[in-house]
Amino acid sequence: MEACPGCGVELPGNGWDGPRHSTASGACWQLYGELGAYVLEHSAVLGRWQQTTVDAYAAQHTGPDTPVVATAFALNGLYLVFERGLTGPQVRAAHSFLAQAGGDWPRFAVPAGVGPYTVFDVALADGPDGTAAAIAAWGRGVWDAWRPAHAEIAALTDRRLSAWRP
């Protein structure tokens, strides 16, 4: 068994030594890729949750080598879904607006725990509807784990999106 350095999930080692997220085990990264393919395959039900899948995974797998903007965008994506009620496509549009606007983002301190659920829990869900519920729980759990950053990410995101409308 191999523990993922990002989310902590223990999965059988798969020997993956190719490109992957810098704080993910090979097996965790592979499972994330499989989940991403499943979400796209069932986009009629899961399309709304595709961006949350990306953001939850990124927020759980952030570390000292992670680009600051990657963590900031993961966190503001989770904020926009769970606090502002935006859909995944709306979050992608907000990310596009923020990327074009530019600007520096702060480095957020990684919390001791990154949420009670991992990509593995989502992968165990039954069918598209079960997967949608699992992604929502996973994303919410990751967002809750980053509670110390909530006020700062909300203020920065709201200020930088003040001229944007979904």
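Bear in mind the structure is a predicted one, so any value in this text is a computation, not a measurement. We use all heavy atoms of the structure for the numbers below, so side chains are in, but hydrogens, waters and symmetry mates are not. Residues: numbered from 1 along the sequence shown.
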Taking only residues two or more places apart in sequence, or in another chain, which ones meet Arg107 in a salt bridge (charged side-chain N to carboxylate O under 4.0 Å, His left out)? none

Heavy-atom donor-acceptor pair, Gln60 side chain to Gly6 backbone, under 3.5 Å: no

Closest approach of Trp146 and Ala109, non-hydrogen atoms and distance? CZ3-O, 3.4 Å

Within a strict 4.5 Å, meaning less than it, do heavy atoms of the Pro166 and Leu80 side chains meet? no

Heavy-atom nearest pair, Gly47 first then Pro89, reads O-CD, 4.2 Å

Is Trp29 linked to Leu124 within one hydrophobic cluster, defined over Ile, Leu, Val, Met, Phe, Trp and Tyr using a side-chain heavy-atom separation of less than 4.5 Å? yes

Determine whether Val54 and Leu40 fall in the same hydrophobic cluster, where Ile, Leu, Val, Met, Phe, Trp and Tyr are linked whenever their side-chain heavy atoms lie under 4.5 Å apart. no

Interatomic spacing from OG1 in Thr71 to CG in Asn76 - rounded to 0.5 Å: 11.0 Å

Can you confirm whether Val114 sits close enough to Val142 that some side-chain heavy atom of one is under 4.5 Å from a side-chain heavy atom of the other? no

Spacing of Leu31 atom CG and Tyr38 atom OH [to the nearest 0.5 Å]: 13.0 Å

Angle class for the His95/Phe73 ring planes (parallel below 30°, perpendicular above 60°, tilted otherwise)? parallel

Derivation of the side chain to side chain contact (heavy atoms under 4.5 Å, CB included) call for Trp105 and Leu156: CA-CA 8 Å; Trp105 291 88; Leu156 283 167; 3.9 Å; yes

Can you pull the salt bridge (Lys or Arg N to Asp or Glu O under 4.0 Å) pairs that have at least one residue in residues 77-97, sequence neighbours excluded? Glu83-Arg140, Arg84-Asp158

Criterion side chain to side chain contact (heavy atoms under 4.5 Å, CB included) on Tyr32 and Thr118, from CA distance to verdict: CA-CA 10 Å; Tyr32 170 63; Thr118 68; over 6 Å; no

Using every non-hydrogen atom in the two residues, find where Gly8 and Ala3 come nearest and quote the distance to one decimal. O-CB, 4.4 Å

Looking only at heavy atoms, which two atoms of Ala56 and Gly139 are closest? And how far apart? CB-CA, 4.1 Å

Taking everything shown except Tyr79 itself, do over 12 heavy atoms lie less than 6.0 Å from its OH? yes

Side chain proximity check, Leu75 to Phe108, heavy atoms < 4.5 angstrom: yes

Taking all non-hydrogen atoms of both residues, which atom of Val122 and which atom of Ala134 are closest, and how far apart? CG2-O, 3.8 Å

What pair of heavy atoms forms the shortest contact from Cys28 to Val9, and how long is it? SG-CG1, 4.0 Å

Specify whether Tyr57 and His61 have parallel, tilted or perpendicular ring planes, treating 30° as the upper limit for parallel and 60° as the lower limit for perpendicular. parallel

For the atom pair CG (Leu161) and CG (Leu98), what is the distance rounded to the nearest 0.5 Å? 4.5 Å

Answer yes or no: is there a donor N or O on one side and an acceptor on the other, between the side chain of Thr62 and the main chain of Ala59, under 3.5 Å? no

Between His42 and Asp129, is there a donor-acceptor pair closer than 3.5 Å when you use the side chain of the first and the backbone of the second? no

Between CD of Gln90 and CZ of Arg165, what distance do you get to the nearest 0.5 Å? 12.5 Å

From CZ (Phe120) to CH2 (Trp138), nearest 0.5 Å: 13.0 Å

Measure the shortest side-chain to side-chain distance between Glu2 and Pro12 over non-hydrogen atoms and say whether it is less than 4.5 angstrom. no

Atom CD1 of Ile135 and atom CD of Gln51: how far apart are they, to the nearest 0.5 Å? 11.5 Å

If the condition is ring pair (Phe, Tyr, Trp, His ring centres under 6.0 Å), which residues does Phe82 pass it with, not counting sequence neighbours? none

